[in-house]
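A short worksheet on the structure shown next.
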Amino acid sequence: VEGYAAALPPLGRHQLPVQSLIVATEPLPAEVWAEIGLERGQAFSEASRQVTYGQRSADDRLVFGARGGYRFGGRLRTDFNLTEDERELRRYLFGELFPQLRDVRLTHAWGGNLGMARRFQPHMLRDTRNRIALSGGYGGEGVGASNLGGRTLAALILGQDNELTQQPWVYRDSRLERLPGWEPEPCRWLGYNAIIQSFVHEDRVLADPHSAPWRRRLAQGVAGFMEGFMK
């Protein structure tokens, strides 16, 4: 259920819905792909705290995504018609990576809800008392993690003790309450927005080659300090 766990109390206290948002450009000519170094269709990500990633689509568009948002109270988002600000933030971010693309036209934008666990780690649990086995909190890594989670749950249900069941994210014969829980509102919402603003500020300061060294160190220090609250 991942991002939709909020509709299944008490699971929603351990998996909050956040959004990942993505845009796609108009088709780009072959010479542009060669110029930015992605002429072979590579996918990429970079180390920004904004969690950015992208790839070349089959019809030659740049598909680019970044950290999306969190709604007060863990409310699901149903309308993924991105606002102009949401589109332009992603244009700014890929424009910093590829200055040649700063003025390209955006033709598509969409997103989705995903499940985020406290401490940003997945969890796999067998609660024998309540006859529940669950896996989740993939934080956007569900393509690989759901396969791992399925195999781990199978081993837990069968009572096996092996490499899968010995991982730090596995809770064997544990109650659901053993999972780390999120703080109550409004702490979650205030904390999220403060952290994200520190990340945005850091990106903008570091992207400016004329910013003073002390400003760069300060922006990185504040963002790193704020990121510590996520763990």
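As the structure is a prediction and not an experimental result, all values here were calculated from the model.
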Q) Within the side chain of N130, is there an N or O that forms a donor-acceptor pair under 3.5 Å with the backbone of I132? A) no
(Q) With a sphere of 6.0 Å drawn around CZ of R119, does it hold more than 12 non-hydrogen atoms of other residues, nucleotides or ligands? (A) no
Q. Between Q55 and Q42, is a side-chain contact (heavy atoms from CB on, under 4.5 Å) present by the stated rule, with each step listed?
A. CA-CA 6 Å; Q55 67 186 70; Q42 302 97 317; over 6 Å; no
**Q.** Any side-chain heavy-atom pair of R172 and D161 under 4.5 Å
**A.** yes
**Q.** Side-chain (Q197) to main-chain (H201) donor-acceptor, under 3.5 angstrom
**A.** no
**Q.** Stepwise side-chain contact (heavy atoms from CB on, under 4.5 Å) test for V1 and L8
**A.** CA-CA 9 Å; V1 294; L8 291 173; 3.9 Å; yes
Q. Has the side chain of Q121 got a donor or acceptor atom that lies under 3.5 Å from a matching backbone atom of A117?
A. no
Q: Indicate the atoms forming the closest heavy-atom contact of A194 with M226, along with that distance.
A: CB-CE, 3.6 Å
Q.
Are L38 and F44 packed together at the side-chain level, in the sense that at least one heavy-atom pair is separated by less than 4.5 angstrom?
A. yes
Q.
Using a 3.5 Å distance criterion without hydrogens, assess whether the side chain of H108 forms a donor-acceptor pair with backbone atoms of V23.
A. no
**Q.** Flag if over 12 foreign heavy atoms under 6.0 Å of CD, E141
**A.** no
(Q) Quick check on the 6.0 Å ring-centre criterion: do Y192 and F229 meet it? (A) no
**Q.** Neighbour count above 12 (heavy atom, 6.0 Å) for E163 CD
**A.** no
Q. Quick check: does any side chain N or O of T128 sit under 3.5 Å from a backbone N or O of R131, one acting as donor and the other as acceptor?
A. no
Q) Just by modelled atom types, is the T25 backbone N or O under 3.5 Å from a matching donor or acceptor in the R61 side chain? A) yes
(Q) Within a 6.0 Å radius of atom CZ on R178, are there more than 12 heavy atoms belonging to other residues, nucleotides or ligands? (A) no
Q. Judged by atom type as modelled, is there a donor-acceptor pair below 3.5 Å linking the side chain of R91 to the main-chain atoms of R102?
A. yes
(Q) Under 6.0 Å from the ring centre and within 45 degrees of the ring axis: does the NZ or CZ of R204 meet both conditions for the six-membered ring of F199? (A) no
Q) Is the side chain of S211 donor-acceptor paired with the backbone N or O of V205 at a distance under 3.5 Å, no angle test? A) yes
Q. Between Y171 and T165, do the side chains contain an N or O donor and an N or O acceptor separated by less than 3.5 Å?
A. no
(Q) Can you confirm if the aromatic rings of F120 and W182 lie within a centre distance of less than 6.0 Å? (A) yes
Q) Are E39 and R56 within salt-bridge range, i.e. N to O under 4.0 Å? A) no
Q. Do you see a donor-acceptor pair shorter than 3.5 Å between the side chains of T52 and E46?
A. yes
Q. Taking C-beta and beyond as the side chain, do W169 and M124 meet within less than 4.5 Å on heavy atoms?
A. yes
Q.
Run R77 and N113 through side-chain contact (heavy atoms from CB on, under 4.5 Å) and show every step you take.
A. CA-CA 7 Å; R77 179 169 177 170; N113 297 297; 3.9 Å; yes
(Q) Assess whether a salt bridge exists between R216 and E202, defined as any Lys/Arg side-chain N lying under 4.0 Å from an Asp/Glu carboxylate O. (A) no
Q: Keeping the roles fixed (side chain from E2, backbone from L114), state whether a donor-acceptor pair exists under 3.5 Å.
A: no
Q | Close side-chain approach of Q19 to R67, heavy-atom, < 4.5 Å | A | no
(Q) Side chains of Q15 and H123 only: does a donor on one sit below 3.5 Å from an acceptor on the other? (A) yes
Q. Between L134 and L176, which heavy-atom pair has the shortest distance, and what is it?
A. CD2-CD1, 3.6 Å
Q) Take atom CH2 in W33; do more than 12 heavy atoms of anything else shown fall under 6.0 Å from it? A) yes
Q: Would you name the heavy atoms of G3 and P17 that are closest together and state the gap between them?
A: O-CB, 3.0 Å
Q: Apply the test side-chain contact (heavy atoms from CB on, under 4.5 Å) to residues F98 and V104: give CA-CA distance (whole Å), side-chain angles for both, the deciding distance (0.1 Å), then the verdict.
A: CA-CA 11 Å; F98 310 114; V104 300; over 6 Å; no
Q) Does a donor on one side chain and an acceptor on the other come within less than 3.5 Å for D59 and S57? A) yes
**Q.** Pairing of R49 and D203 as salt bridge, 4.0 angstrom limit
**A.** no
